[in-house]
Asker: 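One structure is given below, represented as structure tokens, and several questions about it will come after.
Whatever order the structure lists ligands and atoms in, that order sets their numbers, starting from 1.
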Amino acid sequence: MPKSLNYKDIAELRGKIDLIDNQIVELMISRHEVSEKIISLKKSAEYDVFDKSREKEIIRELTSKYGNKLSVDEIKAMFNVILKYSKLRHNSLNEIAEASSVRDVLCYKPFIIAGPCTVESDEQMEKTVSGLAELGIRLLRGGTFKPRTSPDTFQGLGAEGVKILRKYAEKYNMFTVTEVLDEKQLLEHYDDIDVIQIGSRNMTNFSFLNQVGKITTRDKKPVILKRGYGSTLNEFVEAGRYITQFGNENVILCLRGIRTFEQIDSNMRNTPDLGAISELKDKSDLNIIFDPSHATGVSKYVVDISKAAVTLGADGLLIEAHHNPAEALIDGKQTITPSDLVDLITFIKHWF
Ligand code: PEP
Ligand code: MN
């Protein structure tokens with residue numbers, strides 16, 4: 001015989017739960033209001049809005065205070081809910097559409113940087129960039145100086161490519177991301193590039209990294225440093241420090257796949273180094289992004305690998321997109337269309 005329920009006691013306890021829930025909601029709202037005040041102070045001083053070392057410090061403090069009642073995982077789970085709510089409120093689409101500086105746009109995480117492997121023509125850029133802008137993407141990538149394996153292949157449009165990239169970024173209210181290969185290119189095109197990209201093949205070019213660090217310290221321009229495809233994680237973190245050592249902390253570490261024995265018979269161009277996201281978060285306070293296009297080399301894997309990367313905590317994605325990948329002059333095999341991004345954007349909006 002099942003025992004009968006004591007409805008009176010349950011109703012009383014439920015009353016207590018309701019009260020606590022109300023208090024939690026009120027506290028979450030107040031916490032968010034205070035954090036908005038901090039954000040606006042940081043914005044007016046042109047500082048990066050989110051501070052990862054502060055998040056780690058909060059978890060450390062809570063663990064030392066409540067460690068006898070809660071496990072670290074439980075504390076992290078609670079803190080993640082608080083952060084997720086705060087970011088959700090902060091992430092309204094209108095705000096990202098209105099963000100007026102590239103540093104502000106990079107605060108809406110996880111962010112998507114998309115665009116063709118290489119800038120080819122006005123027609124290509126018009127068709128591709130209009131499609132990306134329609135999705136609310138504000139960060140436009142486009143290779144202009146292309147570091148190709150063979151000197152006989154198309155090397156990008158160079159200086160003309162930077163101008164075309166800038167033209168379409170301005171037309172569609174976006175910011176430019178492109179790779180430069182040396183100090184001369186960096187200085188010549190500095191004002192047209194909003195986020196400087198340093199490629200995988202240059203990760204160990206320490207004198208160049210030093211120059212990038214010195215030059216970008218003036219205005220703290222964001223720099224994406226891509227992982228060398230044969231480099232260890234520690235080497236990657238140290239390479240980032242070559243740039244940050246002069247005071248520009250806006251360096252973004254980009255994982256882009258590494259070369260392993262898998263390439264002997266895998267269809268993938270590289271081995272996606274997804275696990276490195278977890279470890280890099282421990283090793284560095286810099287933002288970490290993932291490039292699923294070069295990591296896989298296969299367009300049909302790009303969206304799934306992107307979802308995995310943001311689930312593991314990547315702060316952003318760098319994705320190759322073209323209005324017609326079959327026509328792309330470089331890397332068409334790993335390129336997706338703007339409309340292929342819809343599914344990924346819906347996923348991000350739902351979960352982050
Ligand atoms: C790129 O992103 O355009 C590129 C050349 O990538 P990587 O340096 O990672 O090969
Ligand atoms: Mn490419």
Side-chain angles (χ1 to χ4, degrees), residues 111-120 124-125 128 132 139-151 153-158 161-162 164-165 176-182 185-186 189 193-205 208-209 212 222-231 233 235-236 239-240 243 251-260 263 268-274 276-277 280 288-299 301-302 305-306 309 314 316-337:
F111 52 80
I112 297 178
I113 305 169
C117 176
T118 185
V119 174
E120 299 165 5
Q124 168 230 23
M125 291 301 278
T128 301
L132 295 171
L139 299 157
L140 176 64
R141 69 149 284 151
T144 48
F145 301 97
K146 293 304 297 175
R148 306 300 305 283
T149 304
S150 162
T153 50
F154 176 55
Q155 306 284 309
L157 292 181
V162 180
I164 298 177
L165 183 70
T176 59
V177 182
T178 200
E179 175 175 358
V180 286
L181 304 176
D182 56 41
Q185 289 172 0
L186 176 65
H189 302 286
I193 307 174
D194 299 311
V195 181
I196 312 280
Q197 184 174 317
I198 308 299
S200 186
R201 288 150 198 84
N202 257 331
M203 192 208 86
T204 50
N205 186 347
F208 181 43
L209 300 184
V212 173
V223 178
I224 292 175
L225 176 66
K226 299 193 85 174
R227 178 182 187 179
Y229 54 75
S231 299
L233 276 189
E235 286 163 351
F236 187 28
I243 308 174
V251 172
I252 299 165
L253 299 176
C254 180
L255 295 163
R256 43 81 74 212
I258 47 172
R259 190 171 285 176
T260 73
Q263 278 68 61
M268 291 203 191
R269 179 173 175 177
N270 286 291
T271 298
D273 42 353
L274 284 164
I277 296 171
L280 259 191
I288 299 155
I289 65 172
F290 199 86
D291 170 350
S293 312
H294 292 89
T296 64
V298 183
S299 58
Y301 302 143
V302 165
I305 294 284
S306 296
L317 298 160
L318 177 67
I319 301 178
E320 289 189 336
H322 189 290
H323 70 281
N324 182 359
E327 265 180 15
L329 292 182
I330 309 180
D331 284 352
K333 230 179 104 208
Q334 66 192 34
T335 297
I336 60 174
T337 62

Asker: I'd like to know whether L318 forms a side chain to side chain contact (heavy atoms under 4.5 Å, CB included) with Q197, so could you lay out the CA-CA distance, the side-chain angles of the two residues, the decisive distance to 0.1 Å, and finally the verdict.
Answerer: CA-CA 11 Å; L318 177 67; Q197 184 174 317; 4.0 Å; yes

Asker: Protein N/O/S atoms under 2.8 Å from the Mn ion (ligand 2): how many?
Answerer: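 There are 4 of them.
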
Asker: Hey, could you give me the CD1/CG distance between I196 and L186, rounded to the nearest 0.5 Å?
Answerer: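 The distance works out to 5.0 Å.
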
Asker: Any side-chain heavy atom of H322 within less than 4.5 Å of one from N324?
Answerer: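 Yes - at least one pair of side-chain heavy atoms lies under 4.5 Å apart.
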
Asker: Taking R141 first and then E179, would you say they form a salt bridge - that is, a charged N and a carboxylate O separated by under 4.0 Å?
Answerer: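 Between E179 and R141 there is no salt bridge, as every charged N stays at least 4.0 Å from the carboxylate O atoms.
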
Asker: Looking at side-chain heavy atoms only, is the closest gap between D182 and F145 below 4.5 Å?
Answerer: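 Not in contact.
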
Asker: In terms of heavy-atom contacts, does CZ of R259 have more than 12 from other residues, nucleotides or ligands at under 6.0 Å?
Answerer: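 No, CZ of R259 has 12 or fewer neighbouring heavy atoms, counting only those of other groups under 6.0 Å.
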
Asker: Is K146 paired with D331 through a side-chain N to carboxylate O contact shorter than 4.0 Å?
Answerer: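 Looking at D331 and K146, the cut-off is not met.
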
Asker: For T144, run the side-chain hydrogen bond (donor to acceptor under 3.5 Å, both in side chains) check against T176, T118, T178 and tell me which one passes.
Answerer: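 Among T176, T118, T178, the one that satisfies the side-chain hydrogen bond (donor to acceptor under 3.5 Å, both in side chains) with T144 is T178.
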
Asker: Nearest 0.5 Å, what's the CD1-CZ distance between I288 and R227?
Answerer: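 Spacing of CD1 (I288) from CZ (R227) equals 11.5 Å.
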
Asker: I'd like the contact residues of ligand 1, where contact means a heavy atom below 4.0 Å.
Answerer: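 Contacting ligand 1 under 4.0 Å are R141, K146, E179, Q197, G199, S200, R201, K226, R256, H294.
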
